[in-house]
Amino acid sequence: MKKVLIFCFFLILVSCGAKIIDLGDPSFDGNSNTNDEAVDDDSGDTGNTGNTGDTGNTGDTGNTGNTGDTGNTGNTGDTGNTGNTGDTGDTGDTGNTAPDNDVDTGVCTDGDYRCNLDKTWVQKCVGGSWLNDDDCTAPLKMCVEDLGSFSCKDLNCEPETIYCKTGDVYTCAADGMSDSVSEDCTNTQYCDDSADPINCKDQVCTPDEATCDGTTLKVCNDIGSVETIKECTGGSVCDVSAKGCFMTDEIGGKSGAGIGVNRARGNYIECNKSVELIEFEMYLSFNSETTIKFLTYEDENNDNVFDKIFEKDVTLSANGENFYSSGDISVQLISGRKYIFATSWQDPVRYYSATDLHPESFYFGTTIAGFAKETPLGDQINYSSVTFSYFQRFTTLEK
């Protein structure tokens with residue numbers, strides 16, 4: 001019986017042997033290797049998910065640094081090597097882009113030259129750094145390169161600026177060496193350099209034309225853009241033809257009189273308004289044609305030394321007791337200075353005066369004292385006064 005049982009058991013082993021061998025074949029494609037789960041897990045190396053065939057060597061995500069080798073993202077089969085997204089490009093070399101001309105980049109060859117970005121300096125490379133070498137910052141200078149040589153060049157105008165010139169709008173070329181008309185103003189327009197942008201504007205008045213509005217003088221400027229306005233005060237009269245304010249003043253009096261030959265008579269006056277003396281008259285009397293000399297002396301340094309600044313001889317016909325005129329003259333009188341206004345003659349002439357009138361104020365000044373000398377008069381006179389106030393009349397123009 002034992003033998004029979006042993007034999008049966010042997011047959012069972014023989015019939016099952018092939019299957020036992022097949023189950024142990026490691027080349028079976030469907031093998032889950034469940035007995036090796038710990039190897040697939042290997043969670044310490046979470047990144048071997050990569051070769052998406054190995055969907056992720058995500059484990060090397062730590063190498064995000066070298067962003068430069070973005071190219072290594074390429075083994076998307078190794079999408080897991082996204083960790084190497086880090087070498088995105090050795091972007092540290094981005095500094096090798098063209099250097100900013102205004103910044104000392106430290107990247108240059110000693111002895112080289114260049115213009116900075118806005119062309120206001122010639123720069124030289126010293127010790128590997130760009131340093132300012134030649135100043136081109138003046139408005140009409142610019143750094144230029146000519147056949148490898150760098151220098152500050154004088155310009156004819158400030159590059160690409162717009163301005164008024166000869167009544168038109170001009171634009172300067174980019175190189176600053178020439179300009180051209182960008183807007184041609186008509187005869188009834190002017191170039192307005194106060195506008196933004198500068199352009200042609202219609203004239204508001206006729207250039208150089210004067211008008212009087214009561215005592216107000218208005219004179220259009222030479223381009224017709226604005227009016228200059230002057231108030232004629234103190235009794236002066238607005239005059240269109242003269243474009244100014246006229247004033248006629250009398251000083252002294254005729255309560256007394258004297259007669260003589262080779263005499264010079266007049267007044268010392270302190271000027272307190274700058275005006276143009278256009279006529280000088282003296283109250284006289286003579287019986288025949290007589291030559292009268294009209295004179296002006298000035299104390300420029302306020303030291304009581306008077307220098308002659310004007311002289312005019314006028315031959316006049318007798319007209320009894322009257323004001324006798326110099327005719328048209330032009331003598332500039334300056335505020336703050338002292339003057340002598342006098343007439344002189346050789347033939348017998350009667351002259352008129354008053355006393356106790358100094359100081360006498362009028363439009364352009366104040367009388368100081370009377371002036372009395374024998375002729376001839378020199379080119380310079382020291383102050384020497386009398387109390388008489390000689391009868392005179394002045395016509396002045398204030399512009």
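Because the structure is predicted, anything quoted here is derived from the model rather than measured.
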Would a hydrophobic clustering, with Ile, Leu, Val, Met, Phe, Trp and Tyr connected at side-chain separations under 4.5 Å, put Y170 with I198? no
Verify the distance criterion only: is there a donor paired with an acceptor across the side chains of Q123 and N116 at less than 3.5 Å? no
Under 6.0 Å between ring centres, would you say that holds for Y283 and F391? yes
Would you say the side chains of S330 and E276 form a donor-acceptor pair under 3.5 Å? yes
Considering all heavy atoms of both residues, which atom of G224 and which atom of C220 are nearest to each other, and what is their separation? CA-SG, 3.5 Å
side-chain contact (heavy atoms from CB on, under 4.5 Å) for D239 and C245? Distances and angles first, verdict last. CA-CA 6 Å; D239 187 271; C245 301; over 6 Å; no
Taking NZ, NE, NH1 and NH2 as the nitrogens, is one of them in R393 or E250 under 4.0 Å from a carboxylate oxygen of the other? yes
Quick one, F341 with T367, criterion side-chain contact (heavy atoms from CB on, under 4.5 Å). Give me CA distance, side-chain angles, the key distance, then yes/no. CA-CA 11 Å; F341 297 100; T367 65; over 6 Å; no
Strictly under 2.5 Å separating the two SG atoms? Check that for C172 and C157, please. yes
Assess the side chains of S335 and S274: does a donor N or O sit below 3.5 Å from an acceptor N or O? no
Does one side chain, of S353 or S389, offer a donor that lies under 3.5 Å from an acceptor on the other? no
Verdict with supporting geometry, D112 and K124, salt bridge (charged side-chain N to carboxylate O under 4.0 Å, His left out): CA-CA 6 Å; D112 281 356; K124 181 180 181 180; over 6 Å; no
Take T395 and T248 through the test side-chain hydrogen bond (donor to acceptor under 3.5 Å, both in side chains) and record every step on the way to the result. CA-CA 4 Å; T395 301; T248 299; 3.2 Å; yes
Answer yes if the side chains of E279 and S325 hold a donor-acceptor pair under 3.5 Å, and no otherwise. yes
When you group the ILVMFWY residues by side-chain heavy-atom contacts below 4.5 Å and let the links chain together, are I334 and F362 in the same group? yes
When you group the ILVMFWY residues by side-chain heavy-atom contacts below 4.5 Å and let the links chain together, are V331 and L295 in the same group? no
Salt bridge or not for K293 and E311, using N-O below 4.0 Å? yes
D179 with K165: basic N within carboxylate O range, under 4.0 Å: yes
If you count every heavy atom of other residues, nucleotides or ligands that lies below 6.0 Å from N187 atom CG, does the total exceed 12? no
Please determine, by modelled atom types, if E231 and T216 share a side-chain donor-acceptor pair under 3.5 angstrom. yes
I'd like to know if the side chain of E374 pairs up with that of N262 as donor and acceptor (distance under 3.5 Å, no hydrogens or angles considered). no
Can you tell me which residue among T366, I368, N267 is in a side-chain contact (heavy atoms from CB on, under 4.5 Å) with H358? N267
Please report the closest heavy-atom contact between E227 and K218, naming both atoms and the distance. OE1-CD, 4.1 Å
D168 side chain to D184 main-chain N or O, any donor-acceptor pair under 3.5 Å? no
For K254, all residues meeting salt bridge (Lys or Arg N to Asp or Glu O under 4.0 Å), sequence neighbours excluded: E321
Kindly determine whether V181 and V169 satisfy side-chain contact (heavy atoms from CB on, under 4.5 Å), including the steps that lead there. CA-CA 6 Å; V181 176; V169 182; over 6 Å; no
Any ion pair linking D299 and R337 (charged N to carboxylate O, less than 4.0 Å)? no
So, for Y190 and D202, which heavy atoms are closest and what is the spacing to 0.1 Å? CE2-O, 3.4 Å
For F364, does the six-membered ring have the charged nitrogen or CZ of K273 within the cation-pi criterion, i.e. under 6.0 angstrom from the centroid and within 45° of the normal? no
Let's go through C108 and C125 carefully: what are the C-alpha distance in whole Å and the side-chain angles of both, what is the deciding distance for disulfide (SG to SG under 2.5 Å) to 0.1 Å, and is it a yes or a no? CA-CA 6 Å; C108 60; C125 186; 1.9 Å; yes
Write down the atom of A174, the atom of P159, and the distance for their closest heavy-atom approach. O-CB, 3.3 Å
Where the side chain of E298 meets the backbone of K308, is there a donor-acceptor pair that is under 3.5 Å apart? no
Would you say the rings of Y339 and Y268 are close, in the sense that their centroids are separated by under 6.0 Å? no
Are we looking at SG atoms under 2.5 Å apart for C164 and C191? yes
Which atom names give the shortest non-hydrogen contact between W121 and D133, and what distance separates them? CE3-N, 4.2 Å
Identify whether L377 and I292 are in the same connected component of the hydrophobic contact network (ILVMFWY, side-chain heavy atoms under 4.5 Å). no
Please say yes or no: joined through hydrophobic side-chain contacts below 4.5 Å, possibly via intermediate residues, are L333 and F246 part of one cluster? no
Check whether the ring centres of F310 and F294 lie less than 6.0 Å apart, and answer yes or no. no
Validation row, ring centre W345 to ring centre F286 under 6.0 Å: no
Of all heavy-atom pairs between Q189 and C200, which one has the smallest distance, and what is that distance? OE1-CB, 3.7 Å
Should the pair K243-D208 be classified as a salt bridge under the 4.0 Å nitrogen-to-oxygen rule? yes
For E398 and Y363, test the side chains for any donor-to-acceptor distance below 3.5 angstrom and give the result as yes or no. yes
Closer than 3.5 angstrom, by distance alone: can the side chain of N221 be matched with the main-chain N or O of S225 as a donor-acceptor pair? yes
Just checking Y390 against Y352, ring centres under 6.0 Å apart? no
Carefully, step by step, assess C143 and C152 under the rule disulfide (SG to SG under 2.5 Å). CA-CA 5 Å; C143 179; C152 293; over 6 Å; no
